[in-house]
Amino acid sequence: AKEQLTFETLSLLQQDVLQFVYAFLEQQGVQAHRLFLDPESQDLYHKATTAMEQMVRWVYYFIEKAVDYSQEVAKSQTVIDKVKKYIDTNLHNEITRDELASLVFLNSDYLTRLFKKSTGRSIMEYITDTRIKKSMILLKRSDLPIRTVASQVGYDNLAYFSKLFKKTIGCAPSEYRRQHQKSEME
């Protein structure tokens, strides 16, 4: 039987396994092509069509990794916590839904729904709220120029930051600083 296992036969088997696992992961909202981009996955994939032993090794690895990650996604809080942590540490940068989805190997629409269901807020609302909260802390505890505060929380446009801050907090950043630095001195 081993003599009948040609490259073509192993390739067909590999395609069938790929299709099965990708369909399973798609139902979970996981972007499989991103999950298996690492060097180990790629190496095992390429060796799988060289011998039956390599194919078995790849199949076990491939299916185990897919199941493990889908179980992690099922514990959506783990995924949401990872996204929140990334947002918190990268507030000074532009952050996109696609970037966040790529970080956790999910489709961006699926991540958006998962995030909203878990937190009650959209991803962009969470980013904005987090940026405003951090800017409030910086305004209270530092003498940094407001332009620098805005930049440190991801807003390069000072006018937009001031408008958003006023809409959210009810006063301009400079007024907020005056009120809170004065009250801390008393």
Side-chain angles (χ1 to χ4, degrees), residues 22 25-42 65-66 68-186:
Y22 278 28
L25 290 172
E26 185 177 356
Q27 289 177 340
Q28 312 301 313
V30 176
Q31 292 184 329
H33 66 281
R34 291 187 177 157
L35 184 58
F36 297 105
L37 282 176
D38 62 282
E40 182 179 12
S41 295
Q42 293 295 306
K65 188 169 182 176
D68 287 350
Y69 195 77
S70 70
Q71 289 172 345
E72 188 176 324
V73 169
K75 302 174 198 167
S76 62
Q77 199 54 48
T78 306
V79 172
I80 300 306
D81 288 342
K82 190 172 186 177
V83 169
K84 284 179 174 181
K85 183 176 182 179
Y86 181 84
I87 290 169
D88 293 345
T89 58
N90 290 281
L91 283 178
H92 57 285
N93 297 322
E94 180 181 339
I95 302 170
T96 66
R97 278 182 349 143
D98 289 339
E99 177 184 353
L100 295 171
S102 178
L103 174 74
V104 292
F105 309 110
L106 294 176
N107 173 289
S108 60
D109 291 334
Y110 181 73
L111 174 62
T112 300
R113 287 191 305 274
L114 194 63
F115 195 92
K116 177 90 172 180
K117 182 179 177 185
S118 177
T119 66
R121 296 183 284 174
S122 72
I123 291 172
M124 289 303 136
E125 288 171 335
Y126 179 82
I127 291 170
T128 301
D129 291 349
T130 305
R131 285 178 167 160
I132 294 297
K133 286 176 186 171
K134 184 173 181 184
S135 69
M136 291 167 64
I137 292 168
L138 290 171
L139 289 168
K140 277 190 214 180
R141 297 183 183 165
S142 76
D143 291 328
L144 293 171
I146 293 173
R147 177 177 302 283
T148 303
V149 169
S151 179
Q152 287 188 359
V153 296
Y155 296 107
D156 292 329
N157 183 324
L158 179 59
Y160 178 72
F161 167 73
S162 295
K163 181 180 176 182
L164 186 61
F165 190 94
K166 185 172 185 172
K167 179 182 173 190
T168 306
I169 303 304
C171 63
S174 56
E175 179 66 23
Y176 180 85
R177 173 176 269 166
R178 267 194 306 278
Q179 290 173 357
H180 288 86
Q181 284 185 338
K182 185 167 69 171
S183 66
E184 285 185 12
M185 290 180 194
E186 294 173 354

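Below, each value reflects all heavy atoms present in this structure, side chains not excepted, and no hydrogens, waters or symmetry copies.
Expressed to the nearest 0.5 Å, how far OG of Ser162 lies from CD1 of Ile146 amounts to 6.5 Å. Annotation: the span from Glu175 atom CD to His180 atom NE2 amounts to 10.0 Å, rounded to 0.5 Å. Rounded to the nearest 0.5 angstrom, Asp88 CG and Ile127 CD1 are separated by 10.0 Å. Here Arg121 contributes atom CZ and Thr130 contributes atom OG1; the two are 6.0 Å apart, rounded to the nearest 0.5 Å. Distance check: Asp98 CG to Asn107 CG gives 9.0 Å after rounding to the nearest 0.5 Å. Distance check: Lys163 NZ to Asn157 CG gives 10.0 Å after rounding to the nearest 0.5 Å.
For the pair Val79/Phe105, no side-chain contact is recorded, criterion being any heavy-atom separation below 4.5 Å from C-beta on. Proximity of Asp38 to Lys65: side-chain heavy atoms (C-beta onward) are separated by under 4.5 Å at one or more points. Considering only heavy atoms from C-beta on, Ser174 comes within 4.5 Å of Arg178 through its side chain.
Closest approach of Asp156 and Ser151 over heavy atoms only: OD1-OG, 4.1 Å. For the pair Phe165 and Cys171, the tightest heavy-atom approach, listed with the atom from each and the gap, is CD2-O, 3.2 Å. Nearest heavy-atom pair across Glu94 and Glu99 is O-OE1, 3.4 Å. Here the closest heavy-atom approach between residue Leu91 and residue Lys134 is recorded as CD1-CD, 3.8 Å. Annotation for Asp109 and Arg97: closest pair OD1-NH2, 3.2 Å, computed over non-hydrogen atoms. The shortest heavy-atom contact between Leu100 and Leu111 is C-CD2, 3.7 Å.
Each of Thr128, Thr112, Leu114, Ile80 was evaluated against Ile123; a single residue qualifies, Thr112, per the side chain to side chain contact (heavy atoms under 4.5 Å, CB included) test.
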Steps toward side-chain contact (heavy atoms from CB on, under 4.5 Å) verdict (Phe115, Val83) = CA-CA 9 Å; Phe115 195 92; Val83 169; 4.0 Å; yes
In sequence, state the C-alpha distance, the side-chain angles, and the governing distance for Lys84 and Thr119, and then conclude on side-chain contact (heavy atoms from CB on, under 4.5 Å).
-> CA-CA 10 Å; Lys84 284 179 174 181; Thr119 66; 3.6 Å; yes
Does the side-chain contact (heavy atoms from CB on, under 4.5 Å) test come out yes or no for Lys116 and Glu125, once each step is laid out?
-> CA-CA 10 Å; Lys116 177 90 172 180; Glu125 288 171 335; 4.2 Å; yes
Would you please test Leu25 and Phe36 for side-chain contact (heavy atoms from CB on, under 4.5 Å) and show each step?
-> CA-CA 12 Å; Leu25 290 172; Phe36 297 105; 3.9 Å; yes
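Relative ring orientation between Phe161 and Tyr155 is described as tilted, the plane-to-plane angle lying within the 30° to 60° band.
Within 6.0 Å of the CD atom in Gln42, the count of heavy atoms belonging to other residues, nucleotides or ligands exceeds 12.
Between the side chain of Asn90 and the main chain of Asn93, no donor-acceptor pair closer than 3.5 Å is present.
For Arg177 and Asp143, the salt-bridge test fails: no basic side-chain N is under 4.0 Å from an acidic carboxylate O.
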